[in-house]
2 protein chains.
Amino acid sequence: MSPARARTSLLEIVTAGRELLEVGGLDAVTMLAVAERVGVRAPSLYKWLPNRAALIASIASAALHDLEHQLSPFVSDPDPVMGLRSVADAFRAFAHANPRTYGLLFMDLPAGARPPAEDNLLAATPLLALTERLVGPDRNLEAARLMTAFAHGFVSMELSGAFQLGGDVDEAFRYGVDVLVGALASRPVPPI
Amino acid sequence: MSPARARTSLLEIVTAGRELLEVGGLDAVTMLAVAERVGVRAPSLYKWLPNRAALIASIASAALHDLEHQLSPFVSDPDPVMGLRSVADAFRAFAHANPRTYGLLFMDLPAGARPPAEDNLLAATPLLALTERLVGPDRNLEAARLMTAFAHGFVSMELSGAFQLGGDVDEAFRYGVDVLVGALASRPVPPI
DNA sequence: ACCTGAACACCGTTCAAGT
DNA sequence: ACCTGAACACCGTTCAAGT
């Protein structure tokens with residue numbers, strides 16, 4: 001008689017997926033493992049999500065919202081150069097704290113597993129606000145892309161172990177950010 | 001009586017895997033699909049490779065050798081700045097020609113699917129030879145890492161569609177490379 | 001020495017039946 | 001309205017038996 005009451009939720013499912021991802025990598029994000037973690041049988045997950053690809057996409061989407069939350073406080077820094085340094089550091093800190101989730105954000109995912117494009121834009125908003133103050137509205141997008149390219153390239157090499165030999169990685173990152181910020185502030189930036 | 005003669009080879013298997021990867025992504029690199037492509041049944045592949053992870057690692061390894069081959073001609077450029085530009089362009093061209101294979105090289109792969117570390121070093125050799133001529137032997141490694149970080153970050157964003165809005169992407173890449181090369185040639189580079 | 005069919009475990013997904 | 005067990009297709013991998 002009485003219809004079944006929800007024993008889980010989309011939020012709980014996505015959170016379980018993120019935890020499994022960080023602990024065991026993408027292969028560990030199994031419908032069975034997620035179901036077990038939220039106290040339900042695997043087929044019940046399909047009440048909340050159409051398939052596993054949508055679960056992956058939801059994990060990525062949640063991570064992009066988190067990232068935006070980590071970066072947005074620095075938008076209001078009175079000095080845009082300091083703000084950009086802080087955003088770059090916070091971006092890198094996010095990747096260090098959630099390495100596998102970070103990897104997911106820049107992975108070549110199958111179409112169904114990609115988060116909505118708006119979420120990528122959302123996460124880029126804090127950076128765009130600061131580059132606009134540095135280079136003006138016309139070359140804003142290009143400047144933000146160069147910064148993101150460098151930060152992502154640096155962090156992804158760092159996470160994949162390319163900097164194993166040690167040394168002051170923090171200092172090297174700061175150096176690269178400063179070189180780019182300095183160039184953007186002083187030279188005309190070409191259109192992308 | 002007569003023992004069975006080899007009907008395939010490791011090279012043929014790895015080549016089939018690369019083709020399947022480029023056409024259908026990593027999910028399409030199935031032991032069944034590879035076997036079918038080389039004219040053998042799936043269990044026979046285990047005569048040549050211990051498991052699917054080793055196949056992925058072999059694909060990545062082969063790609064790193066190819067990449068080294070694309071980059072090495074520019075080592076002998078009389079002007080190291082021109083040589084670095086050419087290496088950067090060839091790196092990007094390789095990624096454009098083999099986007100999914102390129103993605104594999106910087107993917108966070110499970111331990112068994114990672115290519116041997118020597119192969120990563122091999123692919124970096126041409127760049128290292130040129131940065132040495134630009135900044136000297138002491139800051140060589142650091143300079144090469146900053147260049148690689150930028151190039152990889154730029155290319156991976158480009159491939160993932162982050163530059164969809166169009167414009168002169170070639171020019172933006174050249175601009176970023178020039179900024180870094182210029183900074184490396186004129187400033188002291190901090191240790192990584 | 002390499003190849004094969006048969007078999008097993010594991011996972012994503014569907015669906016009819018329960019409350 | 002959501003949950004479940006049973007079932008199916010697909011894939012990685014093992015192994016005994018073939019030549």
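Naming convention: chains lettered A, B, ... in sequence-line order (proteins, then strands); numbering from 1 in each chain. Note that these values count all heavy atoms, side chains included, but never hydrogens, waters or copies made by symmetry.
dC3(C) makes up no base pair with any nucleotide shown, lacking Watson-Crick or G-U wobble contacts both under 3.5 Å. The base-pairing partner of dA9(D), taking Watson-Crick or G-U wobble contacts with both distances under 3.5 Å, does not exist among the strands shown.
Closest contact between the side chain of Pro43(A) and the listed nucleotides dG12(C), dC3(C), dT4(D) involves dT4(D). Nearest to the side-chain atoms of Arg41(B) among the listed nucleotides dG5(C), dG12(D), dC3(D) stands dG5(C). Checked against dC2(C), dT4(D), dT14(C), the side chain of Lys47(B) finds its nearest nucleotide in dC2(C). With distances taken from any side-chain atom of Arg7(B) to the nucleotides dT13(C), dT4(C), dG12(D), the minimum falls on dT4(C).
Taking atom CD of Glu36(A) as the reference point, atom C1' of dT4(D) lies 16 Å away to the nearest angstrom. Distance Leu26(A) CG to dG12(C) P: 10 Å, rounded to the nearest Å. Distance Tyr46(B) OH to dC11(D) P: 12 Å, rounded to the nearest Å. Rounded to whole Å, the distance from CE on Met31(B) to P on dC11(D) is 13 Å. Remark: P of dC11(D) and CG of Leu55(B) are 15 Å apart, rounded to the nearest angstrom. If you take CZ of Arg52(A) and C1' of dT14(C), they are 18 Å apart, rounded to a whole angstrom. Atom pair Asp27(B):CG and dC10(D):P shows a separation of 15 Å (rounding to whole Å applied). Rounded to an integer number of Å, the gap from CG of Leu45(B) to P of dG5(C) is 13 Å.
Within the nucleic acid shown, Thr8(A) comes within 4.0 Å of sugar-phosphate atoms alone, with no base atom in reach, counting heavy atoms only.
In this structure, the side chain of Gln70(B) does not engage the main chain of Phe91(B) through any donor-acceptor pair within 3.5 Å. A distance-only check finds no donor-acceptor pair linking the side chain of Glu68(B) to the backbone of Pro126(B) [under 3.5 Å]. Remark: side-chain polar atoms of Arg92(B) are not paired, donor with acceptor, to backbone N or O of Val155(B) under 3.5 angstrom.
Here Arg5(A) does not reach the OP1 or OP2 of dC2(D): none of its side-chain N or O atoms lies under 4.0 Å away. Under 4.0 angstrom from either OP1 or OP2 of dT4(C) there lies at least one side-chain N or O belonging to Ser44(B). Trp48(A) has no side-chain polar atom (N or O) that falls below the 4.0 Å cut-off from OP1 or OP2 of dA1(D).
When all heavy atoms are compared, the tightest approach of Val75(A) to Leu130(A) is O-CD2, 3.9 Å.
With salt bridges taken as basic N to acidic carboxylate O contacts below 4.0 Å, none links Arg85(B) and Asp77(B).
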